[in-house]
Amino acid sequence: MDNNDCRWPVVIGTTERGEGSVFDYSKASNILVAGAPKQGKSKAIRIIVDALKSCPEASGMQFRVIDTSKPHWDADKTLGELCRELERRETLQNVGVDISGFPLIVTVIDEYSDLVEFGSRDSKRFIKDSVLRLAKEGSGVGIRLILSSRHPAKEVKALLDYFPTRLVLRVSDPMDSKVLLKSEAAFWELNVSGEMFFFHDGKTERIHCNETSSN
């Protein structure tokens, strides 16, 4: 895709032909970044966010970052606020209010695994239910997710229908690759940090992230 064809262009990496791999975030909905530790998930997310922040056409876009290194109550608070905003926008939309001019809210969760593996049972349930609701309903009212996971087969399988765009780095289990790509390629064929399969618009492309990372 040519940059001129994109409203919000993101150059996520380089193809095997040495060309830039570009996608239009305005058409991407929710994004899942999956991979084992030390394969480049955090860097891939930063590339997307930095591209959006530097895009003139994306002015007014808002970002919410759920820091998984902080206590669970912080994630609970942010997700609670987002779900209330989701309800507000849905209510306005249902009574005929045009919400197309409302700012797009992009919510980043890097690393979802840390939220659902630790913390109290009630907190983990609240987080799972909130993320599912935002993934399922958010795109329709201008709230999107960028979420990373190191255990996608275990943690995000129920969410996959709502993440049509996926960046799949090397995974630690063949089942993770099969769940995400319907093949084990992301386990057997990726050897370098930052190398990934980019699943978008129903197609899979092998690319290398523009920068490497230790995350």
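Predicted model, so just to flag it, every value in this text is computed and none were measured.
- Annotation: side chain of Leu190 is in contact with side chain of Phe197 (closest heavy-atom distance under 4.5 Å).
- The distance from the CG atom of Leu145 to the CG atom of Leu159 is 8.5 Å, given to the nearest 0.5 Å.
- Hydrophobic clustering (ILVMFWY, side-chain heavy atoms < 4.5 Å, transitive): Leu147 and Ile45 are in distinct clusters.
- The heavy-atom pair separating Leu82 from Arg64 by the smallest distance is CD2-CG, 4.1 Å.
- Across all non-hydrogen atoms, the minimal contact from Tyr162 to Asn30 is O-ND2, 2.9 Å.
- In this structure a side-chain-to-backbone donor-acceptor pair under 3.5 Å is missing from Lys41 to Val33.
- Rounding to the nearest 0.5 Å places CZ of Phe198 at 7.5 Å from CD1 of Ile31.
- What you find for Val168 and Ala186 is that their closest heavy atoms are CG1-CB, 3.6 Å.
- The SG atom of Cys83 lies 9.5 Å from the CD atom of Glu90; values are rounded to the nearest 0.5 Å.
- Remark: side-chain polar atoms of His208 are paired, donor with acceptor, to backbone N or O of Ser193 under 3.5 angstrom.
- Among residues two or more places apart in sequence or in another chain, the side-chain contact (heavy atoms from CB on, under 4.5 Å) test is passed with Arg84 by Glu81.
- Linking ILVMFWY residues whenever their side-chain heavy atoms come closer than 4.5 Å, directly or via other members, leaves Leu104 and Ile66 in distinct clusters.
- Between the side chain of Ser149 and the backbone N or O of Ser113 there is no donor-acceptor pair closer than 3.5 Å.
- At least one donor-acceptor pair under 3.5 Å links the side chain of Asp98 to the backbone N or O of Ser100.
- In terms of the side-chain contact (heavy atoms from CB on, under 4.5 Å) criterion, residue partners of Ser123 (sequence neighbours excluded) are, by chain and number, His72, Asp76, Ser120, Ile127.
- Separation of atoms CG (Leu115) and OG1 (Thr68) is listed at 6.0 Å; rounding is to 0.5 Å.
- The side-chain tip of Arg88 does not point at the ring of Phe102 from less than 6.0 angstrom away and within 45° of straight on.
- With sequence neighbours excluded, the residues forming a side chain to side chain donor-acceptor pair (under 3.5 Å) with Ser148 are Asp110, listed by chain and number.
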Solution key, residues 130-141 side-chain donor-acceptor pairs under 3.5 Å, sequence neighbours excluded:
residue, atom, partner, partner atom, Å
Ser130, OG, Phe126, O, 2.8
Arg133, NH1, Glu87, OE2, 2.9
Ser139, OG, Ser29, OG, 2.9

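- No side-chain heavy atom of Leu32 sits less than 4.5 Å from a side-chain heavy atom of Phe199.
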Could you go through residues 48-56 and list every donor-acceptor pair under 3.5 Å that involves a side-chain atom there, pairing it with any protein atom two or more places apart or in another chain?
residue, atom, partner, partner atom, Å
Ser54, OG, Asp50, O, 3.1
Ser54, OG, Ala51, O, 3.1

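- Hydrophobic cluster membership differs between Tyr112 and Leu167, with clusters built from Ile, Leu, Val, Met, Phe, Trp and Tyr side chains linked at under 4.5 angstrom.
- The list of salt bridge (charged side-chain N to carboxylate O under 4.0 Å, His left out) pairs with a residue in residues 116-127, not counting sequence neighbours, reads Glu117-Arg150, Arg125-Asp129.
- A continuous path of Ile, Leu, Val, Met, Phe, Trp and Tyr side chains, each step under 4.5 Å between heavy atoms, connects Ile143 with Ile99, placing both in one hydrophobic cluster.
- Between Gly20 and Val11, the shortest heavy-atom contact is CA-CG1, 4.3 Å.
- Counting only residues at least two apart or in different chains, salt bridge (charged side-chain N to carboxylate O under 4.0 Å, His left out) contacts with residues 152-164 are absent.
- Annotation: side chain to side chain donor-acceptor pair (under 3.5 Å) contacts of Gln93 (sequence neighbours excluded): none.
- Separating the OG1 atom in Thr14 from the CD1 atom in Ile207 is a distance of 8.0 Å, to the nearest 0.5 Å.
- Between the CG atom of Asp67 and the CG atom of Asp114 there is a distance of 10.0 Å, given to the nearest 0.5 Å.
- Judged purely by atom type and a 3.5 angstrom limit, Asp24 uses its side chain to pair as donor or acceptor with the backbone of Trp8.
- Pairing each heavy atom of Met196 with each of Ala44, the nearest pair is CE-CB, 4.3 Å.
- Scored by the side-chain contact (heavy atoms from CB on, under 4.5 Å) test, Glu19 finds Thr15, Arg17 as partners (sequence neighbours excluded).
- Here the shortest heavy-atom pairing between Cys209 and Ile47 reads SG-CD1, 3.3 Å.
- Applying the side chain to side chain donor-acceptor pair (under 3.5 Å) rule to Arg89 yields the partners Glu85; only residues at least two apart in sequence or on another chain are considered.
- Residue pairs meeting the salt bridge (charged side-chain N to carboxylate O under 4.0 Å, His left out) criterion with at least one member in residues 166-185, sequence neighbours excluded, do not occur.
- Considering only residues two or more places apart in sequence or on other chains, Thr165 meets the side chain to side chain donor-acceptor pair (under 3.5 Å) condition with His200.
- No single ILVMFWY cluster, assembled from side-chain heavy atoms under 4.5 Å apart, contains both Val179 and Leu169.
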